[in-house]
Structures are given as C-alpha cells and as structure tokens.
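Below is one structure, written out as structure tokens; the observations come after it.
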Amino acid sequence: MFVFGHRKCEEVMGLFSLVRACLCSCFWIAALLLLHGGKEVSSDPNYLIGLGSYDITGPAADVNMMGYANTEQIASGIHFRLRARSFIIAEPRGKRVVFVNLDACMASQIVTIKVLERLKARYGDLYTEKNVAISGIHTHAGPGGYLQYIVYIVTSLGFVRQSFDVLVDGIEKSIVQAHENLRPGSIFVNKGELLDAGVNRSPSAYLNNPAEERSKYKYDVDKEMTLLKFVDNQWGPVGSFNWFATHGTSMSRTNPLISGDNKGAAARFMEDWFKQKGVRQMYFDEYSDKGIPRRVSNIISEHPDDHHELLELAATFQSPPGKPATRTLSVARRVRGALRQADKPAFVSAFCQSNCGDVSPNVLGAFCIDTGLPCDFNHSTCGGKNELCYGRGPGYPDEFESTRIIGERQFQKAVDLFDKASETLKGKIDYRHTYVDFSQLEVKIPKQGGGSETVKTCPAAMGFGFAAGTTDGPGAFDFKQGDDQVIGKCKAFEGNLFWKLVRNVLKTPDQKQVDCQQPKPILLDTGEMKLPYDWAPSILPIQILRIGQLAILCVPGEFTTMAGRHLRDAVKTVLSGGGKGDNLHVVIAGLTNTYSQYVTTFEEYEVQRYEGASTLYGPHTLSAYIQEFKKLATALVTNQAVEPGPQPPDLLDKQISLLTPVVMDSTPSGANFGDVSTDIPQNSTFKRGDMVTAVFWSACPRNDLMTEGTFALVEILEGKDNWVPAYDDDDFCLRFKWSRPTKLSARSQATIEWRIPKSATPGVYRIRHFGASKSLFGSIRHFTGSSSAFVKARTRSAEKTEKKRDTSIFSKLSHSQTKELPDCRFFVVEFKSRRQTDENGDNMSVQEYLDRHMLSRKIEDAVNAAVRAKTPDPVLFISNLLRKSVPSVITKVKARQILDSRGVPTVEVDLYTNKGMFRASAPSGDASGMYEAVELRDGDKGTYLGNSVNRAVKNVNEKISEALIGMDPTLQSQIDQAMIDLDKTEKKGTTCGTSWKIGREGELGANAILAVSIAACKAGAAEKDVPLYKHIADLSGKTNLTLPVPAFTVISGGKHAGNNLAIQEIMILPIGAIKFEEALQMGSETYHHLKFKKHSELLPYNIKEGLDLVKEAISRTGYNDKIKIAIDVAATDFCIGTKYDLDFKAPNKSGQNFKSGEDMIDMYQELCTEYSIVSIEDPFDKEDWEHAKHFSSLGLCQVVGDDLLMSNPKRIERAINESTCNALLLKINQIGTVTEAIEVVKLAKDAHWGVVTSHRCGETEDSFIADLSVGLATGQFKAGAPCRGERLAKYNQLLRIEEELGDHAVYAGEHWRQVESIEGCIIEIARVLDMDHERIEIVKKGDG
C-alpha cells in the first residue's frame, strides 16, 4: 500500500570401487527414469546458479518511512536490517536472468536505471533491462525518498540521496556476489497453501467481481506459495526464493523503527534456521573455530554454575567511558558479518511479493478503535470516520508480535516446501521486456453480445477513495473508501480548504480526463501534473523471465487478488499453447522495476475502494496489462523479438531535497560520545524474557549508515576477558532506538533494548553501541561505548511468568512444521486487560469476548469448511473441526514409580494435553561412568536396595510440571531446554561413584527428564496428527523414513550371563531380508535353532565356540548369505590396567589369557576373517583410544562406540576428530532428552558414521525407541533377543510401522550402515516416485 496509500560407509577401497559405484548409480537412475515414464528426478545439469545478499538498511534517523505517507512516521532506529537478495540463473553458453528482492517498499525506476548503468560498466551487455528484475517486498518500515516521481516523495520532503545510494550500492553488490558465486547447480520448485497469513481487506470490492469468476476459486485471496530451492552441485542447498501475496503492513503507520516487516522477518528466520539448526552439517563440513561467526550457543564455553561467581565476574566490568573507534570495528563485530566460509556460498533466502493489492496480514479483521466493533463492511469506517478503523494482526495489540507471527507462518511454510521440493526446473532460459506508455494505450476488449471494441487507458490520476487509506493504515480528513460520488458533491471535500487548494492550484482535471477515469472521482490528476517535474509515471516496464517450466511476470504495481488471477491465467494460456499448462508454474512478482500503485479488475474499479481509487490509468488498466503481457508471452513462444518501447525519463538531475542535513553532534559537558547515560544497575541478574536496557550519548545515525555493520551489539563474556558478539541490530530481539530532545538539537541518545530470548546462553553479558559523530567542520569520527556487565541467570523462574500468558493463537504456535524456532524470537508479554475483571471473564462485552477468543473467525472458518466438504452431518463435522483446531498445550504432568525388566524402579510419566494423555517411561542401565546423564535415585538401602526413584518422581510432579504447563507439545526443543535449564547441571545430576546418586537441591535426574521428554514427543505427534516416527523425522529435519536392520542377541555373555563367555553379546543381522517382517522371521528362527540345542552346548567357554554355534544355527535355517554376525565385546568389563582378561569369569583362571591391545587387534582380525563379522562394539576399554583408533583404521568392520562414547557429544566429537570408531550406539537415557538424542545422531551422521539405536538392560514395555530409529533413519536397531515382552514391544512396533508405511516402507537391508548411500538414495527416489517393490528390484538387478 502507498497511502497518500505492503538443507563411513565401509571405506572405499581404491579408485576402482568408487568409479564402479558411480557407474552403477548412473545406471539405476537411468533405469528409474525409463521405468517411471520419464518423470524428472534430477535437475538440468546445464544451469549455473549464484546468489548474493547485501545490506540496504539506509538512514535510521530523520527520514520519512515509505509506504503509509504519514508525515509523522520518521525513522528513529532499527528493528532489524534490510537486505537486497539476488539470484542469477544461467545457461553456461546461453542466456541468463537476474532477480533481485529488496527489503524495501517497492522498486524505483531511477534506482533500476542507475543499477543497470553500473552493471553495463562492469559487465557490458551481460546484464540489461531485458534480463534483470528488481522487486520490493512492500515493507512500510523502510526509509523513503528514493523514487523519482513527486507524488511518492512528498512526505519525505523530496529526494533523499542516502536512501537512493544505499539501494543502488546494495543491489549492485548483491548481483556482483551472485555473479561471482555462479556454479553448476539444480533448481527445485514446490508450491503449497498457506492459509493464515493474509485476508482480503476490501471484500466488498472483491464481491463485485462476477459470481461465475469467484466460484472458480476457494478463497478471496491467493493462498499459494511458490518456492524455488537452489542446490549447488558441490555444497548442497544455497538458498531459496518464494512468492506469496500478503502486504508488508504488520508494522503500523506509527512505527519509527526500520524493519523488513513480516517478509523481511521470514527471510531472517529462514537464513538463521539453515545456519543454526543442523542443515549446514547435513551438507557442509564443520566450521572451524576461525570460521565465520556463529550463534553464541555454538561457540561459548561452559560458564560457572555458581550464580555468585557470575556476579563477581560481572562486577569487574563496569561501564568504561566512550572511546574512538574505526568504521571497520562495527562491521567486524557483526554476528553475521562474514558471508562466506572458504569457497562455500552463504545461504540466501528471499520472501518475494506477489499480487498483494487487497491482501492484509492483519488477519483478525478490522475493528473500530473507539467501540471495538467491526468496521463498516462497504466503506471501512467507524461512525463515518475512516481514521478509527484499523486492522488487527495476530499479535494484536503488539505490532512486533504480529510481524513475528506472520513472518514465522511464511517461514514455516517455506521450510516445509523447501524440505519437500522434488520437482526440478528443466529447460531453456529466456526473457522478454518492453516499456509501455500507459497514459494513452489503445486496448481491445470483448464487447457485450460478441465482437470487440477499442478503448483507451488514461493519464494517471488518484481517486477520492485513495485519500481514505486502508484498514492497514487509514487516511485523514474523513475521506472514505467506496465513495464514487464526484468531488464537488462531497461534503468532506467541500468543507476542507486544503483539498480545494490541491485541486485548484495543482491541477484541475479536464472533462476528457474525468470521462476517461469514470467512475473514479479524481482527487489528484497526477499524470497531467508536470511541475517542477513529473508527479507520476506514464511509461512502465513489463517483463517475463522464463526458467524452464517457471514463468515470472514482473509487474510494476500492486495487483489485487482477482486481477492477478486474470493476468496469470491469460499468460499461462499463451505459454501452454492454449492448453491447461498443468506443468507450467506462473508467478507474479509485484512492485518490480518501478512503481505505479494498484491494478484492479474492471468490477473492483467500479466500487472505488482504496485499490480502485489508486488504479492510476483508468478502468481498463488490467485489460491493458493482459494485452501487453500476452504479446510478450507470444514472443517467447514464437522466439520473436519485441520492440523496446519508449524509454522512461531519468529525472535524477531534477530531484529536489528539503531534508535538513546533519549540522553537527554534541554531548553534555564532561560526557563523551559512547558514554552510558543510563546504565544497567550493578549486580543485575536477568532471566529469559526480561528486557535489558542501556542508554548512550550518541550521534545522528545518518553520519554513517553502518552498512554491513551494526549500531547495537550484545556481547557475552568467554573466559575471563574475551567478549564475543552474540546479538546485533539485525536480530529480532535487539532494538536500536535513536532520539534527540528537540528536532534541531545537536544532542542525541541511543537506547538499546534487548529482550532476552529463550536460546540465550547463561553467562555474563554487556550491551555495546557503535556510532559516528559529525563535527561543526564536517569531519566524521567513529566511537563506541559499552554498558556495565550483567548476568543472564541459569534459571527456569522466567517460565513461571510465561506460562501465565494467554494461550491464544498469537502466543502459542501449532504449525505442522516443528523445526526449531528462529534463535531470537521475542517473548510475548501478556498485555494487561483494560478491565481487571476481564481476567475472569466478568463484565466483558459480547464483542470483547468474541475478539479475545477469536470465535467469529473460527466458527466462520468451520462453517465454510463444512459447506465446501458438503458433509451430510455439518454439526458433527464442525464440532470435530473446532476440537482439532484448539491449540494443544501441556495441562498436567504426573509421574509415578514403576519397575523395569530387572525389577528395579524407574520413572513413568503421564503427560496431559488438550488432545489426551501420553505415557512414557525411562529405560535404565548400569552407569558406565562420569560421561553419561545421571539417574536420580533415593539411596535408601531399606527400599529397593537404594534404587527407588521417589525423589525423581517428586521432581516431575512439583518442579517440571509447574514449568511445562502451558507449553506447546510440538516445540520439543523448547520443552527439553526448559528442563535442562531448570535442572542447572550438565548431566542432569552428579555422580557419586555408583549406578545411583543422592540428588542435591535443583537436580532433577536424567530419569525424570527423559520420561517427560518422551511423553512430550508423543504428545507433539498427536497434536500434529502424524505418527510418532514422522514427528521425530520432522524434528530432525529428515525426509526419508527407514526401517532398521535388527541386531538380535542370540548368545549372551559378559558380566551379566551365567557362562564363561567373556564378550557380552553375539548378535545376528538379517541384512539380506527384503523387509523388516522377513528380518524378524529370520532372527526368530535362528534364535530358536540355538534354543533347541542342549543346554550345555549353549554355554560356550570362549568366543570361537560361541561363534561356531551361531554359524551352525544360521546354516540350519538356510539364511547363510542373508545373515551377518556382530559382537559386543564390552571390553571395559575385563580390562585390567592395560591388559584384557578373557578368563575373568572362569572359576579356575590360568593366568595365560591376558591380552594386550595389540593382541586384541590380532584376535579381531582373525575373527573378522574366519566368521565374516561385520560389526564389533566396544572392542577396547572406554579410555583405550589409541588401540581403538588403530583397529578402526584397518577398515575390517564397523567399530561401534558404546562405553567409549556414552552418547556424549564431546566424546563423539573427539572420536570423530581422532577417527577412533565409525559408529554410535545411541542410548537415549545416556544423553537425557529427545532433542539431545537427535543432535548426537546428526553429529554422527555428518561424520558418515553408522548409528545403532539401542535398548538398555532395564527396559519397560515402552516402544519409543522403535519410532526413534525409524524417524532418525539410524539403519540399525538393538533390542536384545526376539523374546520377552519388553523386547518384543519394540520389534512389534517396527512391524506396525512397516505395515503403516505400506509401499513407502524402506528396509535398510544391505545399507544398514549408511542409509544415505548410493543405493539407499536410489531406493528413496523410487519411493518418492511411488514405484512398487517389485519394480525397484527389477532396476537393482538390471533386468529392466
């Protein structure tokens, strides 16, 4: 609106094996394509792709914001920074296209002209007006004054050179980055519906469209998001661009902070998501300590747990005087300052604008601010006044929260589309561009009764309804939308001297213009106003970019929903040769290359609401666009050139600026620039959700825009004296506010506010400010200052405040996409009711009650859904729909003590939500040492020999329950982090040298935390209405679901068994099975062949005897080639010093069976050769890293770390770095939460390790680890012998999962170590293509 009117297999043995694997994979892919009718499963290898991004924030002071045309909306700080994001797609020896997305209100003709001039000087004719498109997201919170036509720069007091320059520079630099990043890659396209990010703000105008046209569409706004996923052939995903229609008006017309609004926020969230949440580990090498700055939680070492120690440390850092600095210091300290790591391109995500003309992000509707009632439907007025009618965002009344929610909704949908994108763009790149004079264009339109007639467009003019504004930002002077009365008859006009002067002094439209624009009553005849230069554009660029089956229609304005549909359909018909064009994707890129306000349908124009009144070129504007775009589309299809058309004017030299320059800056006597004027109180401790504020003596931000730098910074103390950047002014949680006491004062202050996010690491922090001052003689000097240090506590008490908040839709998210939320999301603080009795529901009006609970919208949506479904029982349908729509929160957590499979107590939890009760229990095992999470046991030897867990149960019922009530069960990481913070210890407790411990104050116990974590995970799956394994896959970011190969224990030894076998287990792996059901049958039959032997024969004395028994049993079953053998040595149990006692269980020890580490390696080599052992677990003592590394390097088999690793991320990282083993045994009770389990699996898989999901010796009937193994696609599963209830509960659950997945079920089989191996990828491709198992086997055998 412009108001005046918004991502180790067995080691490859030599080059030959690698080449053979590649050739084999190529054959399979080719066969898949042939068998599947030629469906596209890989992208066009001929594309080069490059992306770039650069800061375009601009002046954060004194400049009027562009969009609302509110003269009082002056920039005075930064919410978060604005960026230009670009992509280039090129054929290596052919054409290329450039698309730039600006965090700006709109594109500007003069900006486009000057960018093209710079590109020509740098690249010649490589990039021209024909193949370069520059589009704006329509934020109304960016600096104005960068357009060349007068009507768009009146409120900014003319042209603002800084706004203009930063845009031209930023666009150029982003394109240069994209050009330099050009590399072979793939482009995937995906689209899907996003239902809750936009509503029609002019429904009465939309309803004026013919019913026949409206009946073709489900909604009165476009709900479809179209996304491109860019994948570098070497580095993996490097970015995404998407198009979705909703206005950039979540931030209000009074907001003074520069902001990218909801689309800018979505882009920031997605770029941070890709960097923070493990996608980089999926595709990239780990960043080194000297790499690009990472989020603070990744780089800060452990801080003292003692709160007093933290306070003492903070007290040593008092606020120092402000001091001189360099310009580069601000850039160097930025959290996201470095854009590349070595040659790896940074991830760039853009949320582009589309036909947003009548689409508002204020989805709760429009209400009168005086009465709270809905605004008038036809005119959007309140008692006849437009100034009182405002749209409400989902975070109402907090505009920052509304911005976050709408941005987050777009971000979540984009992540979903990004993860699932599979259709590749393939085909030629082409483009067409022309300029058209829309002031007098002849247009052929259909004539009633048949035939056609020729009409004309008009010179630009703004109607009466334009001045009324919209519900996103009302106008003034009692103008109203939908008034098609002539100006002279309007009382508001007649009674206002200002508008008389506007009409008479500026330009009175002649009769020809009045007739042409009918029924629009002309307020400003801008197209015919030429003094001192053009007030409005006449010559406009139109453009089509074609990339394979995608067409981007670049339009220089804001098309309404129906107008955009008409244009898309018309172009699609031409491009598809008159067919339906089912394989063609057509998107509208709004506000591109220049700006010319709105485009409505003819029928919407007749209503003359704001959009119609702002359709400059008369009632046939849309017909003109359709006519000219069809010409471009025809030229594309026929490979014909088009005329360039008349050139638009370059008015840069004519620009006038009335903005007062910065004369000088000063501070009070005795104060320096950067001094703190209001410091953070000494000995301060803050919690998550608290606001920390510091005020500095500052200078005007216009002296240096700090481009690619920062004005504000939060730093965290690492060690004793190293301050590390944590958050800057491009973070959603940090606000930089600038102010001066009076308009002409040389003194100014910078207020920096940090709302502490959930993810903030406990420790010592300070706030820092960067700026630049101007002397009376014009010299610019940079400075910096910092606050006193303060403590962010390791506590959960802040959550007690948060849980009391209203659990309405704007404070609780329930999206199906449950990736970790962006690092710096804001806490929503409950907005206190105006009436104290409101909290209890007393004395509330009906409308207030409806508003508070959003009943009108929910019921209306349910009724509409019932009508669309044509359900025979609408009442039942609506009832079920409303029940499902209730955002689920945790309402109760109840724990009890139960017994595990050993008869030892453990913790069981019932977690309740709106959807029901979800039960989980914590598995238990003998503690392996100081590196695993610690169970909390009571220690009373008189009760269960000291193993009772009543203290852990009490912690759940009293502490954890209180902290989690009110939380969204889908937000697993937040729930787990809440318990970790509440516990205050690194390992959920402290060890006392035994398998149990007596807890101290504040320690919850890993058994308590894990049971709750698992229960919450089950509740989260229910809330999303997906199977548990699918929910876990979503949490981990995985898309492939794989049934694991079971490792059945068939002979037990070690310290737990009553035989003389030193090693703990001999296992069998049915890797040759076709599916899990067959694998289970193989395991059971082999196990029973052993069981039927004489008891004495099942008591092997040594390893070889045991292996011979197993080998014989396998032979009897006939599964010789389909079953492999694995062993769990558990060598720690018989390691004495540096020797291994293989007779440690023998009643009469010979003393001759002690082996050194080297002897053990020789023994394992012999066993692997003789028995074809494929996996050995814990072959050495848990601290014998040297021999483990040596044995692993031989590549004889999989080497699994159990006691060696204990699922501890620090030990896993060490083992990865030292190549000590190549597989992880995952025991979730060793790590303590579901989230941490997911993270260690990611860590292992990023190192190309195998992963074995394992049970414990103390198990229950809980089958959670079965779903965990499938969801994380670990490929291997260990739950003991195929007998006993607690074990079979897991195996039977895997059977159920396989049955549920049906034809989509994939059994890891021969790829049990690496489910992402070449063949695994082929199988996955086939699964996506819905190929049945028989056809997959045909391809694998080469019989196709």
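Computed over heavy atoms, backbone and side chain alike; hydrogens, waters and symmetry mates excluded.
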Next on the checklist: When you measure from the side chain of Ser657 to the backbone of Gly158, do you find a donor-acceptor pair of N or O atoms at a distance under 3.5 Å?
Outcome noted: no

Checklist entry - Would you call Glu423 and Lys229 a salt bridge, taking side-chain N to carboxylate O under 4.0 Å as the test? => result no

Next on the checklist: Between Gln148 (side chain only) and Ile110 (backbone N and O only), is there a donor and an acceptor less than 3.5 Å apart?
Outcome noted: no

Item to check | For Ile656 against Pro532, the heavy-atom pair lying closest together | outcome: CD1-CG, 3.9 Å

Item to check | salt bridge (Lys or Arg N to Asp or Glu O under 4.0 Å) against Glu117, all qualifying residues, sequence neighbours excluded | outcome: Lys114

Next on the checklist: Could you measure the distance from the NE2 atom of His179 to the OG atom of Ser86? Nearest 0.5 Å is fine.
Outcome noted: 13.0 Å

Checklist entry - Mind checking whether Phe164 and Phe159 have parallel, tilted or perpendicular rings, split at 30° and 60°? => result tilted

Checklist entry - Can a salt bridge be assigned to the pair Asp261 and Lys263 using a cut-off of 4.0 Å between side-chain N and carboxylate O? => result no

Next on the checklist: Please determine whether the number of non-hydrogen atoms from other residues, nucleotides or ligands lying under 6.0 Å from atom NZ of Lys530 exceeds 12.
Outcome noted: yes

Checklist entry - Would a 4.5 Å heavy-atom cut-off, applied to side chains only, mark Pro92 and Leu48 as touching? => result yes

Next on the checklist: Under 3.5 Å, is there a donor on one side chain and an acceptor on the other for Gln177 and Asn181?
Outcome noted: no

Checklist entry - Do the side chain of Asn131 and the main chain of Thr128 share a donor and acceptor less than 3.5 angstrom apart? => result yes

Checklist entry - Which disulfide (SG to SG under 2.5 Å) pairs, counting each pair once, include a residue from residues 582-618, with sequence neighbours left out? => result none

Checklist entry - Are side-chain N/O atoms of Asp222 and Thr561 paired as donor and acceptor at under 3.5 Å? => result no

Next on the checklist: Apply side chain to side chain contact (heavy atoms under 4.5 Å, CB included) to residues Met462 and Gln517 and explain how you reach the verdict.
Outcome noted: CA-CA 9 Å; Met462 297 177 178; Gln517 290 281 353; over 6 Å; no

Item to check | Gln353 side-chain N/O to Trp243 backbone N/O, donor-acceptor pair under 3.5 Å | outcome: no

Item to check | Atom pair CG (Leu550) and CG (Leu228), whose distance is rounded to the nearest 0.5 Å | outcome: 5.5 Å

Next on the checklist: Within the structure provided, determine whether His620 and Tyr605 are in side-chain contact (heavy-atom separation under 4.5 Å).
Outcome noted: no

Next on the checklist: Quick one, Leu540 with Tyr617, criterion side chain to side chain contact (heavy atoms under 4.5 Å, CB included). Give me CA distance, side-chain angles, the key distance, then yes/no.
Outcome noted: CA-CA 11 Å; Leu540 302 177; Tyr617 308 104; 3.7 Å; yes

Checklist entry - Can you check whether Glu643's main-chain N or O pairs, donor with acceptor, with Thr434's side chain at less than 3.5 Å? => result yes

Checklist entry - Taking the side chain from Lys520 and the backbone from Thr615, do they hold a donor-acceptor pair closer than 3.5 Å? => result yes

Next on the checklist: Let's go through Met562 and Tyr217 carefully: what are the C-alpha distance in whole Å and the side-chain angles of both, what is the deciding distance for side chain to side chain contact (heavy atoms under 4.5 Å, CB included) to 0.1 Å, and is it a yes or a no?
Outcome noted: CA-CA 10 Å; Met562 190 63 82; Tyr217 304 99; 3.9 Å; yes

Item to check | Ala84 to Leu102 - nearest heavy-atom pair and separation | outcome: CB-CD2, 3.7 Å

Next on the checklist: For Pro541, is there any backbone N or O sitting under 3.5 Å from a side-chain donor or acceptor partner on Gln109?
Outcome noted: no

Item to check | Ala141 backbone acceptor or donor facing Thr139 side chain under 3.5 Å | outcome: yes

Item to check | Residues forming a salt bridge (Lys or Arg N to Asp or Glu O under 4.0 Å) with Lys120, sequence neighbours excluded | outcome: Asp125

Checklist entry - What is the distance from atom CE of Met529 to atom CG of Asp534, rounded to the nearest 0.5 Å? => result 11.0 Å

Next on the checklist: Please enumerate all residues that pass side-chain contact (heavy atoms from CB on, under 4.5 Å) together with Leu575, with sequence neighbours excluded.
Outcome noted: Arg546, Ala551, Val571, Leu584, Ala633, Leu636, Val637

Checklist entry - Given Tyr152 and Thr526, is the side chain to side chain contact (heavy atoms under 4.5 Å, CB included) satisfied, shown in steps? => result CA-CA 11 Å; Tyr152 305 127; Thr526 53; over 6 Å; no

Checklist entry - Restricting to pairs with a member in residues 630-642, which pass side-chain hydrogen bond (donor to acceptor under 3.5 Å, both in side chains), not counting sequence neighbours? => result Glu628-Lys631

Next on the checklist: Using the ring-ring contact (aromatic ring centres under 6.0 Å, His included) criterion, which residues pair with Tyr146? Sequence neighbours excluded.
Outcome noted: none

Item to check | Gap separating the OG1 atom of Thr601 from the NE2 atom of His566, nearest 0.5 angstrom | outcome: 6.0 Å

Item to check | Ile134 backbone acceptor or donor facing Asn593 side chain under 3.5 Å | outcome: yes

Checklist entry - Any sub-3.5 Å donor-acceptor pair from Glu180's side-chain atoms to Gly50's backbone N or O? => result no

Checklist entry - Taking only residues two or more places apart in sequence, or in another chain, which ones meet Leu531 in a side-chain contact (heavy atoms from CB on, under 4.5 Å)? => result none

Item to check | Non-hydrogen side-chain atoms of Ser538 and Tyr149 separated by less than 4.5 Å | outcome: no

Checklist entry - Got a sec, which pairs hit disulfide (SG to SG under 2.5 Å) with one end in residues 515-623, sequence neighbours left out? => result Cys458-Cys516

Next on the checklist: Can you tell me how far apart CZ (Arg83) and CD1 (Ile137) are? Round to the nearest 0.5 Å.
Outcome noted: 12.5 Å

Checklist entry - Cationic tip of Lys173 within the cone over Tyr54's six-membered ring, i.e. under 6.0 Å and within 45° of the normal? => result yes

Next on the checklist: Is the shortest side-chain heavy-atom distance between Ile49 and Phe87 below 4.5 Å?
Outcome noted: no

Checklist outcome for this item: Here the pair of heavy atoms bringing Asp358 nearest to Glu604 is OD2-OE2, 4.2 Å

Item to check | Partner set under side-chain contact (heavy atoms from CB on, under 4.5 Å) for Ala350, not counting sequence neighbours | outcome: Arg85, Asn101, Phe241, Cys352

Item to check | Which atom of Val238 lies closest to which atom of Asp232, heavy atoms considered | outcome: CG1-CB, 3.7 Å

Checklist entry - Is any side-chain heavy atom of Phe629 less than 4.5 Å from a side-chain heavy atom of Ile542? => result yes

Checklist outcome for this item: Closest heavy-atom pair, Val443 versus Ala624, reported as atoms and distance to 0.1 Å, is CG2-CB, 3.7 Å

Next on the checklist: If we check side chain to side chain contact (heavy atoms under 4.5 Å, CB included) with Asn64, which of these qualifies: Thr155, Ile153, Val154, Val160?
Outcome noted: Thr155

Checklist outcome for this item: Residue set satisfying salt bridge (Lys or Arg N to Asp or Glu O under 4.0 Å) with Arg96, at least two apart, ordered chain then number -> none

Checklist entry - If we ignore angles and hydrogens, is there a donor and acceptor under 3.5 Å between the side chains of Thr560 and Glu611? => result no

Checklist entry - Closest approach of Val98 and Leu545, non-hydrogen atoms and distance? => result O-CD1, 4.0 Å

Checklist entry - Quick one: side-chain hydrogen bond (donor to acceptor under 3.5 Å, both in side chains) pairs with a partner in residues 160-172, sequence neighbours left out? => result Arg118-Asp169, Arg118-Glu172, Arg122-Glu172, Arg161-Asp165

Checklist entry - What pairs with Ala613 under side-chain contact (heavy atoms from CB on, under 4.5 Å), at least two apart in sequence or on another chain? => result Phe466, Gln608

Next on the checklist: Nearest 0.5 Å, please: how far is OG1 in Thr594 from OH in Tyr435?
Outcome noted: 9.0 Å

